[in-house]
Structure formats: structure tokens, C-alpha cells
> 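Would you mind keeping the following structure in view while I ask a few things?
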Protein chains: 4
Amino acid sequence: MPKIVDHDRYRKELLQGSLDLFAERGYGSITMRQIAKGLGVSTGTLYHYFPSKESIFMQLVQELCEQDISSFFAQAPEAHTLEERLQAVMAFVVQNAQFYCQQLVLWVDFFQQTSPSDEGEIHFLRQVWDRTRGTLADYLQLTDPALVDFIVVFIDGLILQHIYSRVYEQGSKDTAWLHQQSQLMIRMILHHEQNFPQPQT
Amino acid sequence: MPKIVDHDRYRKELLQGSLDLFAERGYGSITMRQIAKGLGVSTGTLYHYFPSKESIFMQLVQELCEQDISSFFAQAPEAHTLEERLQAVMAFVVQNAQFYCQQLVLWVDFFQQTSPSDEGEIHFLRQVWDRTRGTLADYLQLTDPALVDFIVVFIDGLILQHIYSRVYEQGSKDTAWLHQQSQLMIRMILHHEQNFPQPQT
Amino acid sequence: MPKIVDHDRYRKELLQGSLDLFAERGYGSITMRQIAKGLGVSTGTLYHYFPSKESIFMQLVQELCEQDISSFFAQAPEAHTLEERLQAVMAFVVQNAQFYCQQLVLWVDFFQQTSPSDEGEIHFLRQVWDRTRGTLADYLQLTDPALVDFIVVFIDGLILQHIYSRVYEQGSKDTAWLHQQSQLMIRMILHHEQNFPQPQT
Amino acid sequence: MPKIVDHDRYRKELLQGSLDLFAERGYGSITMRQIAKGLGVSTGTLYHYFPSKESIFMQLVQELCEQDISSFFAQAPEAHTLEERLQAVMAFVVQNAQFYCQQLVLWVDFFQQTSPSDEGEIHFLRQVWDRTRGTLADYLQLTDPALVDFIVVFIDGLILQHIYSRVYEQGSKDTAWLHQQSQLMIRMILHHEQNFPQPQT
DNA sequence: TATGAATGAGTATTCATTCAT
DNA sequence: CATGAATGAATACTCATTCAT
């Protein structure tokens with residue numbers, strides 16, 4: 001009778017735990033020993049669950065993708081106006097800024113580590129993004145793809161600045177700043193909608 | 001191989017050449033041998049000009065910062081309306097998207113490699129950014145810092161999406177897309193200005 | 001999997017099964033996991049029957065020694081002339097060539113793994129060999145030790161060439177070749193006996 | 001100006017030095033650290049000259065093959081009778097027994113490490129052996145291939161016994177024994193030739 | 001008894017760095 | 001100045017062995 005462990009469940013726990021580590025030091029700079037130590041296991045155990053460092057990273061990227069927005073729409077509030085819906089989305093982003101920062105950093109790493117020939121991995125990411133964009137468009141009830149792209153671009157930029165904000169000692173670009181910028185963006189979208197209303201579906 | 005007598009000038013050439021290499025593989029993943037090979041010199045030569053791998057990277061980051069917008073304002077067109085100025089800025093960004101992609105990737109790497117205790121390095125970056133923001137505000141003649149931040153956020157998001165666009169095989173997020181999003185942003189800013197005009201200085 | 005109650009009997013079965021594995025990959029190159037897998041058991045089980053990898057190997061070597069010629073003389077035909085007896089011996093060798101190949105390989109490995117200080121192990125082997133040589137001399141009724149040595153040398157050389165014969169694609173050094181060489185050797189021994197007859201005991 | 005080293009020459013020196021090490025401990029059991037230490041260099045240097053452990057081993061095997069009998073025929077004495085030529089060959093073998101022991105051990109290892117699919121390596125060995133056998137036949141002026149094979153088999157067996165002789169503490173199977181067995185073999189060959197003379201070419 | 005998860009020292013290999021030429 | 005050979009600590013990964021179940 002073997003030691004009873006839910007292999008797959010434990011693997012995902014390790015994956016979850018390694019997110020912080022990869023995000024903080026980067027794929028190329030973190031070592032397996034550091035990961036093992038950070039997770040509180042031995043290197044041997046790590047290799048019992050993952051065949052290689054690359055595999056941990058790739059599985060982590062995939063795991064993250066699956067959590068992405070599903071968690072938002074599980075708690076998304078009913079909202080009748082575009083403004084309310086935008087507020088809900090941005091509130092969610094601001095609230096999970098920390099998480100998105102890590103995801104962003106991981107993706108940049110991912111693109112450095114991946115050669116264009118790794119079609120499998122890249123194709124997977126593409127699907128996730130397309131789906132995310134679609135879900136967002138549906139929730140916001142926006143039909144203009146360019147407008148959805150605009151929102152995505154803005155969110156990405158916001159997250160990136162949040163990463164950079166580590167530079168500003170007293171955190172002048174903290175949650176308040178994220179909120180302020182979000183409001184600015186929402187106002188702009190609303191004005192834009194007023195002037196160039198969406199065709200009704 | 002031209003005989004370069006000016007030690008410092010050669011150092012900057014090497015720095016310039018190493019940008020592609022660091023951007024493509026990441027600080028932690030690239031090796032000194034790969035850098036040397038990519039630059040067409042021996043590792044010995046590399047160490048003749050730089051004391052360490054970290055030093056190359058840090059000098060590169062600084063070097064990039066100095067080129068930043070100075071090159072833009074050296075060629076910035078006279079522009080009397082806000083729209084013209086925004087168009088000029090965004091045209092410049094789109095035109096140099098490739099370069100900004102590399103810079104973005106380098107910065108993300110930089111934040112992973114840097115501990116908050118490296119005050120020197122971080123303080124330096126902060127100054128550069130503040131200066132950049134200031135110069136941008138001056139050129140656009142915008143007094144609301146939130147609005148300048150908004151533009152910077154948008155540009156960052158745009159560049160990030162451009163990096164991600166490697167995923168889309170036929171490059172559906174190419175220069176045309178950058179241009180489209182830029183126009184959308186400019187329109188929004190202009191509408192916003194109409195409704196909430198800047199206090200005149 | 002039959003339930004084997006006899007601990008010792010099962011241990012010998014495992015030993016028997018591990019012969020192929022050690023012979024094919026070598027003591028230093030095979031892993032406990034490979035052995036376990038090859039035997040169809042878990043590593044835990046392996047360690048239940050043997051205290052260490054080295055122990056499996058050493059027990060295997062000893063086990064092989066005990067099977068050595070006992071199995072031959074259990075089936076050795078009555079033979080009145082030297083020629084008949086030589087034919088019987090060589091027929092046995094050729095028939096069991098595969099087995100002797102494995103044994104040879106194991107011994108070479110044994111000498112690499114054993115330091116001269118492991119007197120116990122080495123002394124054991126020596127006894128086995130002396131006994132083997134004695135039994136062979138008795139059966140063949142040869143009194144000249146040099147002649148017995150000669151036969152042993154020849155047999156060893158034959159087996160070694162059989163191992164090497166893996167090189168020759170279409171197996172030109174197969175059983176037929178072993179037989180041919182055996183006949184040549186037997187003829188030589190017989191001629192030699194004619195010219196230098198053994199003193200009768 | 002690089003450090004001046006005859007790369008290829010030094011590589012062969014290292015190869016030469018690693019023979020003892022591989023022969024004593026076996027391919028699978030020796031470590032790169034041990035090899036490096038045994039050669040008096042660092043592991044880094046080892047990898048500067050060889051891409052992998054396997055490569056050292058394979059190059060060593062090839063290197064040994066090339067030295068094989070060429071060194072004998074470089075010093076082979078003129079000899080008019082078959083006996084003289086046999087004496088010369090066996091004297092050479094006995095004199096270089098140590099070397100042939102190492103070679104034998106290496107080859108056994110080689111066959112364990114090599115899969116039948118490594119055609120390149122195996123084909124190479126085959127050629128060397130065929131050439132060796134041919135050269136030996138020419139020197140001895142023996143036209144019967146079976147007889148040449150017999151001699152080769154005997155030599156191999158002799159060397160193998162010499163390896164085993166480590167078991168016998170006081171070296172009762174030393175050079176004297178090798179000589180005695182050689183004489184026995186030579187006498188047998190000569191008698192055989194008397195009774196079954198070679199067809200004259 | 002049997003299993004296979006867990007361990008951490010050890011393995012092959014790499015890499016930043018040094019230094020003789 | 002420039003080279004690339006040399007170094008050895010560090011890296012990704014493996015393996016004999018242990019032990020909870």
C-alpha cells in the first residue's frame with residue numbers, strides 16, 4: 001500500500017506555490033534548488049512531480065490561463081449599464097493587480113523562452129486570449145472589437161505600470177492611482193460610446 | 001574589424017549589440033559566451049570592457065534610458081494643435097515599436113534581477129521616468145498629470161500587446177493595428193479635453 | 001503474481017531475473033529502478049529482499065558460481081575416451097554460450113567493482129574456480145594442470161569472441177563457428193595427448 | 001593571442017591518461033570528477049576537450065584500436081619459420097598483457113554501453129578487427145582462417161585469465177604462467193600444421 | 001508484505017570569470 | 001588589446017535508499 005497522496009492535486013499545489021518564485025526571479029534566474037526550498041520540498045520530490053524545470057514553468061503558464069477570468073465571472077455582479085459593468089471589471093482588475101502583475105511577468109518570460117517552433121504552447125495561449133477577449137466583450141456588451149482591444153491594452157498598461165511602481169519608494173502609484181486611472185479610462189469609454197454608439201445587436 | 005581606438009565608443013557599440021541578445025533570451029538565460037559570440041568577440045574581450053555580466057546588463061539599461069525620448073525631440077515636428085502633437089508622438093511610438101518592445105522586456109528583467117536594496121539603480125530609473133513624463137507633458141502641453149499617466153499607460157499596454165502578438169501567426173496585430181488603436185486613443189483624449197479642458201498655464 | 005511464501009525462494013527468483021539486467025547494462029550503469037521495473041516489482045520490494053544494490057550484485061555472482069558446473073555433471077554423459085569427454089564438455093559450453101557470456105560480463109564487472117581488500121568476496125571466487133578446474137580435470141581425466149588451464153583459457157576466449165560477435169551483423173560467428181573452433185581445439189588436444197601422453201594415475 | 005596549446009595533441013594525451021581510469025572502474029561507475037582528478041585537470045577543462053563522458057569513452061576506444069598491432073609490426077622481427085613468428089607474436093602479447101587487459105575490459109564495457117543501433121561505432125570496430133586478423137594472418141603466413149581465429153581466441157582467453165588472476169594473491173598466474181600457456185599453444189599449432197599442412201600460396 | 005512518495009547527496013554538465021600568452 | 005584555455009562552483013537532474021501507509 002503506497003503512501004496515499006492525490007498526485008494530481010499535489011502537483012497543482014506545487015504549481016500554485018511556484019508562481020511567486022518564478023514571478024520574482026524569472027525563469028532563467030531561479031534554480032531548481034530555490035524552487036524546492038521555496039516550496040518546502042526536496043529537489044527529488046520536485047522531479048517526482050515534474051520532469052524538468054521547463055515543464056514546471058509551462059504547466060504553470062497553462063494553469064494560470066485556466067484560472068484567468070473564469071474566477072471573475074463566477075462573482076461578476078449583475079449590471080445594467082455599461083458604466084456599471086466597466087466599474088465591475090476594473091474593480092476586479094485593481095483588486096487582483098498583484099496576481100496580474102505576476103502573470104504579466106510570467107508571460108514576458110514565456111515569450112523569451114519559447115521559440116516560434118513551439119507551436120503547441122503558443123497555440124494554446126492564443127486560444128486562451130481569444131476566449132478571454134470574447135468573454136469580456138460579451139460581459140460588457142461591446143460589439144466593436146477595437147474598443148475591447150483598447151480596454152485590454154489599457155489594463156495591460158496599468159498592470160505594467162504597477163510593476164514599475166516598485167521604483168517609487170512611497171508607492172505613489174498604488175491602489176489609489178490604479179483606481180484614478182481606471183476612472184479616467186471609464187469616463188473616456190463612456191464619452192466615446194455617446195459619440196460613436198455601438199450598433200445594437 | 002575597424003580598429004577602434006576610442007575605448008568608450010567601442011564599449012557603447014558592444015552595449016548596443018547586446019540589446020537584441022538580452023531582449024531575446026533574458027538576463028538569466030543568456031550566457032556570456034552567447035553574448036560574446038553574438039557580438040563577434042571573445043569572452044576575454046567582453047571582460048576587458050565590462051567587469052561582469054550584471055554590469056553589461058545594468059549599463060545597457062542605463063544606456064537605453066538615455067536614448068529614450070531625446071531622440072524623439074530631436075526630430076519632433078512643430079505642431080500647433082493637441083491632435084497634431086498626439087499624432088506625432090504616437091507615430092513615433094509605432095515607428096519604434098520594435099525598440100520599445102526590447103526596452104520593455106529589459107525592464108521587466110531588470111525588476112526581477114534587482115532587489116529593493118539596489119537603491120542606486122532604481123533611483124536612477126525613477127529620475128529617467130520622471131524626466132520622460134515631464135518632457136512628454138511639456139511637448140503635449142498637458143497640465144493634468146493623470147492624463148499624461150493615462151497616455152503612458154496606454155503606450156505601455158500597446159507595446160506589451162505588440163510583444164504578445166508574436167502569438168498570432170499572420171501578425172493580425174501588426175503596425176496597422178497599432179495605428180488603429182492609437183487613433184482610438186487620440187480621439188478619446190481629444191473628446192476628453194473638449195469636456196474637461198486643461199487649465200491654461 | 002503467485003503468492004510466494006518462501007522468502008528465500010523468491011529472493012533467488014529475483015536474483016535469477018536480475019542476471020539479464022546486470023549483464024546487459026553493467027553494474028555501474030543500471031539503476032535500482034530499472035532492476036525493479038525489469039523484475040516487475042517496486043523498489044521497496046527489492047529492498048525488502050536485498051539490503052543494497054551491491055548486495056544484489058554480489059549475491060548474484062555467488063549464485064551463478066554455484067550453478068556453474070554442477071548443472072553439467074548432473075547431465076554429463078558417460079564417456080570412455082578423452083575425445084568423447086571433450087566433445088561432451090564443449091557441446092555443453094556451446095549450448096550454454098549465452099549463459100556463459102553473461103557470466104563473463106558479470107565477472108569483468110565484478111573485478112572492476114571489487115577492491116583487493118574485499119578478501120571475502122575474492123576468496124570465495126577463488127575457491128569456486130579451483131573447484132571448477134578440479135572437477136573438469138577429474139571428468140576429463142587429465143592430470144596435467146597446464147592442459148586443463150589451456151582448455152579453460154580456450155573456453156574463455158571462445159565466450160569472449162561470442163560476445164564480440166554482436167558486431168558482425170549477420171552473426172558469422174554464431175553457433176556453427178563455436179562448434180568449428182571447438183573441433184579444432186579438440187583435435188589439437190588429442191594430437192598433443194598422442195605425443196605427450198598423460199602419466200596414468 | 002591565445003594560450004598556445006596543441007588542442008588535438010593534448011586531447012590525445014588526456015585520452016591516453018583516461019585509459020587506466022576507465023579500465024579500473026568501468027564506464028558506468030567512474031565519474032567525471034574522478035576522471036578529471038585522475039588526469040590532474042578540472043572538470044571544466046575536460047569538457048573543453050570532450051563534449052561528454054560518452055564521447056571520451058568512445059574516442060578512447062577508437063584511439064586504442066588504432067594503436068593496436070601497428071605498434072607490433074613496427075618492431076616485428078624477421079622470422080623464417082612459423083614457430084619463430086608465433087614466438088614473436090606471443091612474446092609481444094605477454095609483454096603487453098597489461099595493456100590488453102585494459103583493452104579487453106574496455107571492450108566489454110563498450111558492448112554494454114552500445115545499442116545495436118549505434119551502427120557507426122560498431123562498424124568501426126568491426127573494420128579494426130578484420131584488419132587486425134588480416135595483418136596477423138599475413139605475418140604468420142597462415143591461410144586457414146579457422147586457425148587464425150583459434151589463435152585469436154586463445155590470446156583473448158589468456159588475457160581474460162590474466163585479469164581474473166588478480167584473485168590469486170601471490171599471482172600464481174603471472175607472466176610465467178602466460179609464457180607456459182603460450183608455449184603449449186605454439187606446440188599445438190605446430191603439431192597441427194605438421195598433420196594438416198597449409199596449402200601453399 | 002508491498003508500494004511508491006520522499007529524500008538529499010551525488011552526477012554530468014554549464015557558466016561566469018580569470019589569466020597566460 | 002585580444003584570445004580562448006582553464007577553473008571550480010553552481011546548475012539541472014538522477015539515484016540509492018528510507019519510510020509512512
Side-chain angles (χ1 to χ4, degrees), chain A residues 1-7 10-11 28-37 39-56, chain B residues 1 3-5 7 10 28-37 40-56, chain C residues 1 3-5 7 10 28-37 40-56, chain D residues 1-7 10-11 28-37 39-56:
Chain A
M1 270 152 283
K3 209 173 280 192
I4 291 169
V5 179
D6 185 334
H7 190 99
Y10 192 42
R11 210 196 74 239
S29 297
I30 203 167
T31 73
M32 284 301 265
R33 279 218 252 280
Q34 287 170 330
I35 296 173
K37 195 172 187 183
L39 294 172
V41 299
S42 65
T43 58
T45 300
L46 217 44
Y47 278 93
H48 188 70
Y49 288 92
F50 306 94
S52 67
K53 182 181 170 185
E54 196 191 12
S55 168
I56 304 181
Chain B
M1 263 169 284
K3 178 88 179 174
I4 305 224
V5 270
H7 185 99
Y10 192 43
S29 296
I30 204 167
T31 73
M32 284 300 266
R33 278 221 245 287
Q34 286 171 330
I35 297 172
K37 194 172 187 183
V41 301
S42 66
T43 57
T45 301
L46 218 44
Y47 276 91
H48 189 72
Y49 287 93
F50 306 94
S52 69
K53 181 181 169 186
E54 197 191 10
S55 167
I56 304 181
Chain C
M1 264 167 282
K3 175 88 180 174
I4 304 225
V5 270
H7 185 100
Y10 191 42
S29 296
I30 203 166
T31 73
M32 285 299 266
R33 276 220 247 286
Q34 286 171 330
I35 297 172
K37 193 172 186 181
V41 300
S42 66
T43 57
T45 301
L46 218 44
Y47 275 91
H48 189 73
Y49 288 92
F50 306 95
S52 68
K53 182 182 170 185
E54 195 191 11
S55 168
I56 304 181
Chain D
M1 273 151 278
K3 210 173 278 190
I4 290 170
V5 178
D6 185 335
H7 191 98
Y10 192 43
R11 209 196 75 240
S29 297
I30 203 167
T31 72
M32 286 299 266
R33 279 215 254 278
Q34 286 170 331
I35 297 172
K37 194 172 186 182
L39 293 173
V41 300
S42 66
T43 57
T45 300
L46 217 44
Y47 277 92
H48 188 72
Y49 287 92
F50 306 95
S52 68
K53 183 181 169 183
E54 196 191 11
S55 169
I56 303 182

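In the text below, chain A, chain B and the rest are named by the order of the sequence lines, each starting its count at 1.
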> Between E:dT7 atom C1' and A:L39 atom CG, what is the distance in whole Å?
15 Å

> Quick check on E:dT1: is either OP1 or OP2 less than 4.0 Å from any side-chain nitrogen or oxygen of C:H48?
yes

> Contact class for A:I30 (heavy atom, under 4.0 Å): base, sugar-phosphate, or nothing?
sugar-phosphate

> Taking side-chain contact (heavy atoms from CB on, under 4.5 Å) as the definition, give me every residue that meets it alongside C:T31, ordered by chain and number, with sequence neighbours left out.
C:R33, C:Q34

> What nucleotide among F:dT17, E:dT13, F:dG4 has an atom nearest to a side-chain atom of D:K53?
E:dT13

> Output yes when at least one side-chain N/O atom of A:Y49 is less than 4.0 Å from OP1 or OP2 of E:dA6, else no.
yes

> Taking the side chain as every heavy atom from C-beta outward, state whether A:Y49 and A:L39 have any atom pair closer than 4.5 Å.
no

> For DNA chain E, please output the secondary structure as dot-bracket, reading 5' to 3'. Pairs are Watson-Crick or G-U wobble, both atom distances under 3.5 Å; mark crossing pairs with [ ], other-strand partners with |, unpaired with a dot.
.||||||||||||||||||||

> What distance do C:I56 atom CD1 and C:I30 atom CD1 have between them, rounded to the nearest 0.5 Å?
9.5 Å

> Evaluate A:T45 against A:S42 for side chain to side chain donor-acceptor pair (under 3.5 Å), listing each step before the verdict.
CA-CA 5 Å; A:T45 300; A:S42 65; 3.0 Å; yes

> Whole-Å distance between F:dC15 P and C:K37 NZ?
13 Å

> If I compare all heavy atoms of A:S52 with all of A:Y47, which pair ends up nearest, and what's the gap?
CA-CE2, 4.1 Å

> If you assign each of A:Y47 and C:P51 to its closest nucleotide in DNA chain F, which residue comes earlier from the 5' end?
A:Y47

> Whole-Å distance between E:dT17 C1' and B:I35 CD1?
13 Å

> Which heavy-atom pair separates C:S29 from D:G28 by the least distance, and what is that distance?
OG-CA, 3.3 Å

> What distance do D:M32 atom CE and D:K53 atom NZ have between them, rounded to the nearest 0.5 Å?
8.0 Å

> Output one line per pair: protein atom, nucleotide atom from nucleotides 8-10 of chain E, and distance, for all N/O pairs under 3.5 Å.
from  : atom 1 : to    : atom 2 : distance (Å)
E:dA9 : N6     : A:T43 : OG1    : 3.3

> With nearest nucleotides of DNA chain E determined for D:S29 and C:L46 from heavy-atom distances, which residue corresponds to the more 5′ nucleotide?
C:L46

> Are any non-hydrogen side-chain atoms of B:H48 and B:H7 less than 4.5 angstrom apart?
yes

> Nearest-nucleotide wise, let me know which of D:S52 and B:G28 is further upstream toward the 5' end of DNA chain E.
D:S52

> When the distance from CD of A:Q34 to C1' of F:dA10 is rounded to whole Å, what number comes out?
11 Å

> Verify, without hydrogens or angle tests, whether A:K37 (side chain) and A:T43 (backbone) share a donor-acceptor contact under 3.5 angstrom.
no

> Distance check needed: F:dA5 C1' versus D:F50 CZ, whole Å only.
14 Å

